[in-house]
Amino acid sequence: MDETIRQKLMDVSVATLATALYKRGLRQQVIQGVHPIGHKGRNMVGPAFTLRYMPAREDRNQLAEFRNPEHPQRVAIETCPPGHVLVMDSRKDARAATAGDILLTRLMMRGAAGAVTDGGFRDAATIAGIDMPVYHQRPSSPTNLTLHEAIEIDVPIGCGDAPVFPGDIIVGDGDCVIVIPADLAAEIADEAVEMTAYEDFVIDRVKDGEAIIGLYPCTQDRHQAAFAEWRKANGR
């Protein structure tokens, strides 16, 4: 991933990115129902590396499956490229865990940018303490084999009702996670930086007592002039 794009996306909100994508007709890019586990105070940014689960069938999903060196869940942890985000399709079912603290710690040690599932993770209290952004629906203690079978790696998936293609750019903040189509990442990042600058200016003006009509969105020349002065004064 281009480092300039990464740095720009580290400093913008998912809300701002959602608006930029909405302008382009993309309305289903936010991964619904996921939340950070112990927000790390920084954005999660990286290309998607995917893992798809399907409903488990009991004869195929005994504990002995974890001894298989080709088990897709384990292989995903060991092959997710550094700087990528492991995105898991758990069919929005958090009744059984998608993974736990050991696998996610290994993912962190291999240099991943983060992990997100539309299901749940076990050992959430421990995961909250690792130095890697992680998002899920809610804590879940039962092993994934109870309900899920890891079946495919690095294929198009759905995660929290959002379409995710390998290589799409994933951004998570203190609220939630969004998926940016890879071919739009550069222009979305540029627009989001500009939007963020104006929104920061608006917050300052509102705190000074300014009304939002004509200010947000900007429909009055006086606010545009004041914004230009604010940018110069703040190095934005």
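Values reported hereafter were calculated over all heavy atoms of this structure, with side chains retained and with hydrogens, waters and symmetry mates removed.
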Salt bridge or not between [X] and [Y]? Use side-chain N to carboxylate O under 4.0 Å.
X   : Y    : answer
R60 : E149 : yes
R24 : E191 : yes
R74 : E65  : no

Are [X] and [Y] linked, directly or through other ILVMFWY residues, by side chains that come within less than 4.5 angstrom of each other?
X    : Y    : result
I77  : M132 : yes
I188 : V171 : yes
V155 : F49  : no
L103 : L51  : yes
L86  : I151 : no

Option passing salt bridge (Lys or Arg N to Asp or Glu O under 4.0 Å) with R42 (candidates D11, D131, D173):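 Only match with R42 under salt bridge (Lys or Arg N to Asp or Glu O under 4.0 Å): D131.
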Check against side chain to side chain donor-acceptor pair (under 3.5 Å), Q7 and E3: CA-CA 6 Å; Q7 289 304 315; E3 187 60 27; 2.7 Å; yes
Would you confirm whether [X], through its side chain, and [Y], through its main-chain N or O, come within 3.5 Å as a donor-acceptor pair?
X    : Y    : answer
T19  : A15  : yes
Q62  : E58  : yes
Q29  : V179 : yes
H223 : Y216 : no
T146 : P142 : no
Q73  : A150 : no
N43  : V12  : yes

Within-4.5 Å side-chain heavy-atom neighbours: [X] and [Y]:
X    : Y    : answer
Y22  : L17  : no
P163 : P156 : no
I157 : F165 : no
V45  : M1   : yes
V177 : I170 : yes
S90  : R52  : no
R110 : R106 : yes
L21  : I178 : yes

Heavy-atom pair with the smallest gap, counting every atom of A48 and V87: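 Answer, listing the atom of A48 first, then V87: CB-CG2, 4.1 Å.
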Smallest separation among heavy atoms of A182 and G167, with atom names: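 That would be CB-O, 3.5 Å.
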With rounding to the nearest 0.5 Å, note down the distance linking [atom1] in [X] to [atom2] in [Y].
X    : Y    : atom1 : atom2 : value
H71  : N61  : NE2   : CG    : 6.5 Å
T50  : I153 : OG1   : CD1   : 8.5 Å
S141 : F121 : OG    : CZ    : 13.5 Å
E210 : K207 : CD    : NZ    : 15.0 Å
I127 : D101 : CD1   : CG    : 6.0 Å
I5   : I169 : CD1   : CD1   : 7.0 Å

With I130, the side chain to side chain contact (heavy atoms under 4.5 Å, CB included) member among L104, L107, D123: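 Exactly one pass, corresponding to L104.
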Any side-chain donor near an acceptor of the partner, Q32 and D161, under 3.5 Å: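 Result is no, nothing qualifies.
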Step-by-step side chain to side chain donor-acceptor pair (under 3.5 Å) determination, T16 to E199: CA-CA 9 Å; T16 297; E199 289 166 358; 2.9 Å; yes
Check: Y135 ring centroid to H35 ring centroid under 6.0 Å: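 No, they do not, as the ring centres are separated by 6.0 Å or more.
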Parallel, tilted or perpendicular, as decided by the 30° and 60° cut-offs, for the rings of W230 and F227: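 Parallel: the ring planes of F227 and W230 meet at under 30°.
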Face-on cation placement of R91 at Y53 ring, 6.0 Å and 45° thresholds: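 R91 over Y53 ring: no.
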